[in-house]
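This report concerns only the one structure given below.
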Amino acid sequence: MVDARPDVSEFEPPTRFAPEPVRRRNGTASALRSAAAYLARTFGPGEVGPGAPGSPRLRGVPALSGTLASLVMIFRLFVPRTVGMADQGTGQQLLCSLGVRNLRPWGYTDFTNFIHPSWVPQQYYGEACGFTGSGEPVYSSQLLLLWPGKWLTPVLAWGPGVDTRAVGIVCCVVFGALIAGLVAALPGRTPFRVLIAALVTLVTADGIFADFFVSPYSEPAAFLGTLALAVALLRYWNGGRPRWASVLMVVLAAAFTVSAMPQMVSWLPAVALALLWLPWGARGRRRAGSARRRWQAFVMPAAAVIAIAGVAVAFLAVEPKRATEVNLYNTVFASILPNSPDPVADLKWLGLDRSFVTAAGSTMDSINSAVYNPHYPQFGEQINRGKIAAFFATHPERLIGLGERGISALLTPELGSAGSYMVDSGQGPGVKERRVPVVLVLYTAMKAAPVALLGLHLLTLLLGFAVAARRKSGIGRLAVVMVLGCWAQFWVVLILEGQPEIHSQMIVAGFMSALCVPLLVALVSILASKSRPEPHSEPHSQPHAV
């Protein structure tokens, strides 16, 4: 069987990257340029691209990097005292499916001020378990992390049931495995790979992300799924053999990611682009039978896209109807109407009675909630995701203000009402930990000029296209896919999930934005290096076998 990898040509020699020659003035290089040249020699990508040697020279570096990353994350979460993300009342929706309940105070302020990691066995009846208000079951790929945590809890002498500290340890171990995979999948020399992996670890270790590892929320599955998808795509683009295995890795990683949270389904278009992005060069187009080879190249990725789309549709189908209703309510009454120049006209466009205008700015739990309006059944009949999308498509001017509020929420990632410490930690109520505030400091600085966030995205996107066009490695394509996926996530949250919980809903988009920093470092390192073809022998015309 002929190999269907048109983007990797056996006619092209490997490319070696070396630092650009330092321009001298009066025969002497400046100290800054000398330092830049030193960093390029030490941490530059070296030799990457088709035919370049990779993993064999790494030996035990991926395993060592992954082990260190796991230990770093465990250390930052548990030393000198445990930190995490306090439950704000929604954790039981998912964890109750494990037959456990949280040991915590009854008062809302009391239990949100501190983390309460212990969940003890509990038998549920009726609507006590599931989504609040309906009892519908809540599903998430986070359960694949919770079950090992439930097994590990008694092993660590934390009693029966589930302890979210054990879940945090599971997340740290999985994170280490993904860092090992990232080091193995990245192109270039070992110092370059380790540097990028270290930057990814530093981003994830920030408290605004890492604290979720010790919590009852689904965000850890979204973070780890995003990293797993990045690793799987790099291996897919690197052209590893057999090809079906790399495609299967992408499918599994994407299925885990899109089923973490409903908003993660927004990853689907970006993943489809990633799987179908298989460019070929002019030489490949001139080869006999190239049209047939290109057709074969797209069969497997297209099947993978269909499979991932099926998982996404199935996951949305089992989303609690009450959750969909709450999100639609928030979009109409907490997002569209409060910022409308003519709320009555908007209600007419949406097919709702004008009496609903009194509920503008409310949530379903507010005193002036629309649920008390006798016309409320009309809301369920008229409003759906398609109609909301059509509203914004016909009112594009609303997207400007919506985007500004979204950027402000993304750059304010801390959940101020949720404490980070346990009751016996000696810390005060609601205190937030800031052991590794790298991303928090970056975002806080960007709030002075929010356009800087868009600049970060655009720069990453443009440099990603530049590297992808030179076909040096998959890292350029990954940068493009990450930015597009972040934008899709951003707008899906804004348009379809409303405003009341926008800060917590933007956490995943904030994580993807933060990953642009290590990606940008990698892209600049490659583009700042000079390509130099190496001597090679005559190409072999015999095709590889799958």
Side-chain angles (χ1 to χ4, degrees), residues 88-94 108 127 130-140 217-218 261-266 315-395 398-399 401-403 405-406 409 415 417 489-509:
Q88 295 182 296
T90 58
Q92 180 175 318
Q93 297 178 0
L94 182 62
Y108 179 82
E127 296 181 357
F131 192 83
T132 304
S134 67
E136 297 169 276
V138 176
Y139 299 100
S140 170
Y217 296 119
S218 300
M261 306 163 65
Q263 60 177 258
M264 297 304 293
V265 175
S266 61
F315 179 66
L316 290 179
V318 298
E319 181 187 8
K321 292 181 174 57
R322 178 69 172 178
T324 304
E325 180 186 0
V326 170
N327 288 334
L328 292 175
Y329 184 101
N330 290 337
T331 300
V332 172
F333 294 102
S335 179
I336 293 178
L337 296 184
N339 302 287
S340 171
D342 190 350
V344 174
D346 287 346
L347 287 171
K348 181 179 179 181
W349 193 99
L350 293 169
L352 299 177
D353 190 86
R354 63 183 300 155
S355 62
F356 281 113
V357 73
T358 60
S362 70
T363 65
M364 296 189 79
D365 298 326
S366 301
I367 296 177
N368 63 327
S369 175
V371 298
Y372 303 118
N373 190 311
H375 297 286
Y376 186 70
Q378 186 184 72
F379 180 85
E381 296 170 358
Q382 294 292 330
I383 305 300
N384 53 53
R385 290 187 175 113
K387 195 158 194 177
I388 296 296
F391 176 86
F392 284 105
T394 55
H395 298 76
R398 304 288 185 86
L399 296 176
L402 198 63
R405 294 190 293 275
L415 306 185
S417 58
Q489 174 91 186
F490 179 85
W491 287 107
V492 163
V493 168
L494 284 180
I495 293 175
L496 298 179
E497 298 198 2
Q499 300 292 308
E501 302 295 333
I502 189 172
H503 291 279
S504 61
Q505 292 166 344
M506 281 292 173
I507 289 292
V508 180

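Because the structure is a prediction, the values reported are computed rather than measured. Residues take their numbers from the sequence shown, with the count starting at 1.
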* What residues form a side chain to side chain donor-acceptor pair (under 3.5 Å) with T331, not counting sequence neighbours? -> none
* **Minimal non-hydrogen separation, N327 against L496, with atom names** => CB-O, 3.4 Å
* Non-hydrogen side-chain atoms of L337 and V357 separated by less than 4.5 Å -> no
* Could you list all the salt bridge (Lys or Arg N to Asp or Glu O under 4.0 Å) pairs where at least one residue sits in residues 330-346, not counting sequence neighbours? => D346-R398
* May I ask you to check whether S369 and S366 show a side-chain donor-acceptor distance below 3.5 Å? => no
* Which heavy atom of Y217 sits nearest a heavy atom of Q88, and at what distance? -> OH-N, 2.7 Å
* Structure fact -> Scanning both residues in full, the closest heavy-atom pair of V508 with M264 reads CG1-SD, 3.5 Å
* Taking all atoms of both residues into account, what is the closest heavy-atom pair of G403 and W491, and its distance? -> CA-CH2, 3.7 Å
* **Counterpart residues, side-chain contact (heavy atoms from CB on, under 4.5 Å), relative to S266 (two or more places apart)** => A488, Q489, V492
* Any donor and acceptor pair, going by atom type alone, linking the side chain of T394 with main-chain N or O of A390 inside 3.5 Å? -> yes
* To do: Name all residues meeting the side-chain contact (heavy atoms from CB on, under 4.5 Å) criterion together with S140; count only those two or more places apart in sequence or in a different chain, and write none if there are none.
  => L94, Q142, S218
Acceptor/donor pairs from residues 316-326 side chains to any protein atom, 3.5 angstrom cut, sequence neighbours excluded:
| from | atom 1 | to | atom 2 | distance (Å) |
| --- | --- | --- | --- | --- |
| E319 | OE1 | R385 | NH2 | 2.7 |
| E325 | OE2 | Y376 | OH | 2.6 |

* Asked: Would you say L352 and Q378 make side-chain contact, with heavy atoms under 4.5 Å?
  -> yes
* Asked: Considering all heavy atoms of both residues, which atom of Y329 and which atom of S362 are nearest to each other, and what is their separation?
  -> OH-OG, 2.7 Å
* To do: For S335 and V332, indicate whether the former's side chain and the latter's backbone hold a donor-acceptor pair under 3.5 Å.
  => no
* Asked: Within a strict 4.5 Å, meaning less than it, do heavy atoms of the R405 and N339 side chains meet?
  -> yes
* To do: Would you mind reporting whether F392 and L402 have side-chain heavy atoms less than 4.5 Å apart?
  => yes
* **Pairs involving residues 348-370, ordered by first then second residue, that meet salt bridge (Lys or Arg N to Asp or Glu O under 4.0 Å) (sequence neighbours left out)** => none
* Asked: Can you name the nearest heavy-atom pair linking M506 to A409, along with the distance?
  -> CG-CB, 4.3 Å
* Does the side chain of Q93 come within less than 4.5 Å of T132's, by heavy atoms? -> yes
